[in-house]
Amino acid sequence: MSEQIIAYGGLQERSIDGTTFTAIPQAKGIAIPMTETDYLEVTSLDSSGGFKEYVKGLKDAGVISLPCGYTAAGYEQQLADQAVNGAVYYRATLRAQPGQSAGDVFTFRGFPTPAVEANDVGSLIGMTVSIRTTGDVTWVRGAVAV
């Protein structure tokens with residue numbers, strides 16, 4: 001049996017203080033950063049076999065996008081978060097997999113930029129929140145069902 005899950009039933013939240021989280025209105029997806037590591041070239045005249053050599057550098061979780069349906073409340077929330085001096089806390093909670101009583105949780109911080117999407121007549125108006133991440137991304141495995 002597959003343990004794969006769909007995004008539906010997940011939860012995308014934000015917080016100013018890192019303790020009181022509020023759902024992001026009309027989130028249409030789960031935004032989880034992918035951490036990339038820089039590799040710095042350290043090749044020298046005596047590098048073996050003419051191969052380039054590298055060492056690990058700093059990590060960066062980059063910029064991610066959270067698709068949302070546009071609502072005045074959601075846009076207002078994101079504008080207020082954008083105006084905050086420090087980074088906003090984000091938490092993505094996945095739907096529980098088979099065999100779990102709670103889903104996996106990803107937590108990170110970032111600086112949001114909301115953008116209302118232009119659409120055609122008859123189309124839904126969407127909003128994308130671009131989040132410039134800062135610092136570490138933590139992952140907590142969901143609780144196993146008993």
Side-chain angles (χ1 to χ4, degrees), residues 1-44 47-48 51-120 123-146:
M1 175 169 100
S2 175
E3 293 187 4
Q4 293 184 28
I5 55 174
I6 61 173
Y8 179 79
L11 181 61
Q12 191 75 50
E13 302 169 287
R14 39 72 62 206
S15 171
I16 298 301
D17 61 10
T19 57
T20 305
F21 282 84
T22 305
I24 296 175
Q26 298 297 307
K28 292 184 171 249
I30 298 293
I32 300 170
M34 178 185 82
T35 303
E36 294 183 357
T37 303
D38 289 334
Y39 294 92
L40 307 172
E41 185 182 348
V42 294
T43 309
S44 65
S47 291
S48 178
F51 284 92
K52 289 184 177 182
E53 296 180 295
Y54 295 87
V55 296
K56 281 188 173 184
L58 298 175
K59 297 175 188 174
D60 184 10
V63 177
I64 59 173
S65 295
L66 175 63
C68 299
Y70 172 83
T71 64
Y75 190 66
E76 183 176 50
Q77 178 193 70
Q78 292 305 309
L79 285 178
D81 285 354
Q82 185 180 31
V84 171
N85 283 333
V88 175
Y89 292 84
Y90 292 93
R91 181 168 66 190
T93 304
L94 302 182
R95 165 189 202 142
Q97 292 179 205
Q100 286 183 322
S101 60
D104 296 357
V105 179
F106 297 82
T107 307
F108 58 96
R109 295 179 71 200
F111 302 94
T113 303
V116 177
E117 299 169 3
N119 284 318
D120 296 331
S123 296
L124 293 172
I125 297 174
M127 178 175 75
T128 299
V129 181
S130 294
I131 304 168
R132 177 50 173 125
T133 64
T134 182
D136 197 7
V137 179
T138 63
W139 171 69
V140 176
R141 186 178 181 145
V144 177
V146 283

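Please read all numbers here as calculations on a predicted model, not as lab measurements.
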Side chain to side chain contact (heavy atoms under 4.5 Å, CB included) for Tyr90 and Leu66? Distances and angles first, verdict last. CA-CA 11 Å; Tyr90 292 93; Leu66 175 63; 5.8 Å; no

Might you work through the side chain to side chain contact (heavy atoms under 4.5 Å, CB included) test for Thr113 and Arg132, ending with a clear yes or no? CA-CA 8 Å; Thr113 303; Arg132 177 50 173 125; over 6 Å; no

As a quick check of understanding, evaluate side chain to side chain contact (heavy atoms under 4.5 Å, CB included) for Asp60 and Thr35, giving each step before the final call. CA-CA 6 Å; Asp60 184 10; Thr35 303; over 6 Å; no

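The two residues Phe51 and Thr43 come nearest to each other via the heavy atoms O-CG2, 4.0 Å. Contact between Ala102 and Ala96 at its shortest, heavy atoms only, is C-CB, 3.8 Å. Of all heavy-atom pairs between Gln100 and Gly103, the closest is OE1-CA, 3.9 Å. Of all the heavy atoms in Ala87 and Arg109, the pair that sits closest is O-NH2, 3.2 Å. For the pair Ser130 and Ser65, the tightest heavy-atom approach, listed with the atom from each and the gap, is OG-OG, 4.1 Å. Taking every heavy atom of both residues into account, Asn119 and Gly126 meet most closely at ND2-N, 3.5 Å.
Between Phe108 atom CZ and Asp136 atom CG the span is 12.0 Å, to the nearest 0.5 Å. Separation of atoms CH2 (Trp139) and CD1 (Ile32) is listed at 11.0 Å; rounding is to 0.5 Å. From Leu94, atom CG reaches atom CD of Gln12 across 9.5 Å, with rounding to the nearest 0.5 Å. For the atom pair Ile30 CD1 and Ile6 CD1, the distance stands at 11.0 Å (nearest 0.5 Å). Taking CG of Leu124 as the reference point, atom CD of Glu117 lies at 10.0 Å (rounded to 0.5 Å). Taking CG of Leu40 as the start and NZ of Lys56 as the end, the distance is 12.0 Å to the nearest 0.5 Å.
With hydrogens and angles ignored, the 3.5 Å screen pairs no side-chain donor or acceptor of Asp104 with any backbone N or O of Arg141. The main-chain N or O of Gly62 is found under 3.5 Å from a side-chain atom of Thr133 such that the two form a donor-acceptor pair. No side-chain donor-acceptor contact under 3.5 Å links Arg91 to the backbone of Val105. Of the possible polar contacts, none joining the Thr37 side chain to the Lys59 backbone as a donor-acceptor pair under 3.5 Å is found.
Within 6.0 Å of CD on Glu53 lie more than 12 heavy atoms contributed by other residues, nucleotides or ligands.
Considering only heavy atoms from C-beta on, Gln82 comes within 4.5 Å of Pro114 through its side chain.
Applying the salt bridge (Lys or Arg N to Asp or Glu O under 4.0 Å) test to Arg14 and every residue at least two apart in sequence or in another chain returns Asp81.
Ring geometry, Phe21 versus Tyr89: the interplanar angle exceeds 60°, so the pair is classed perpendicular (tilted spans 30 to 60°).
Using modelled atom types and a 3.5 Å distance limit, the side chains of Gln26 and Thr71 yield no donor-acceptor pair.
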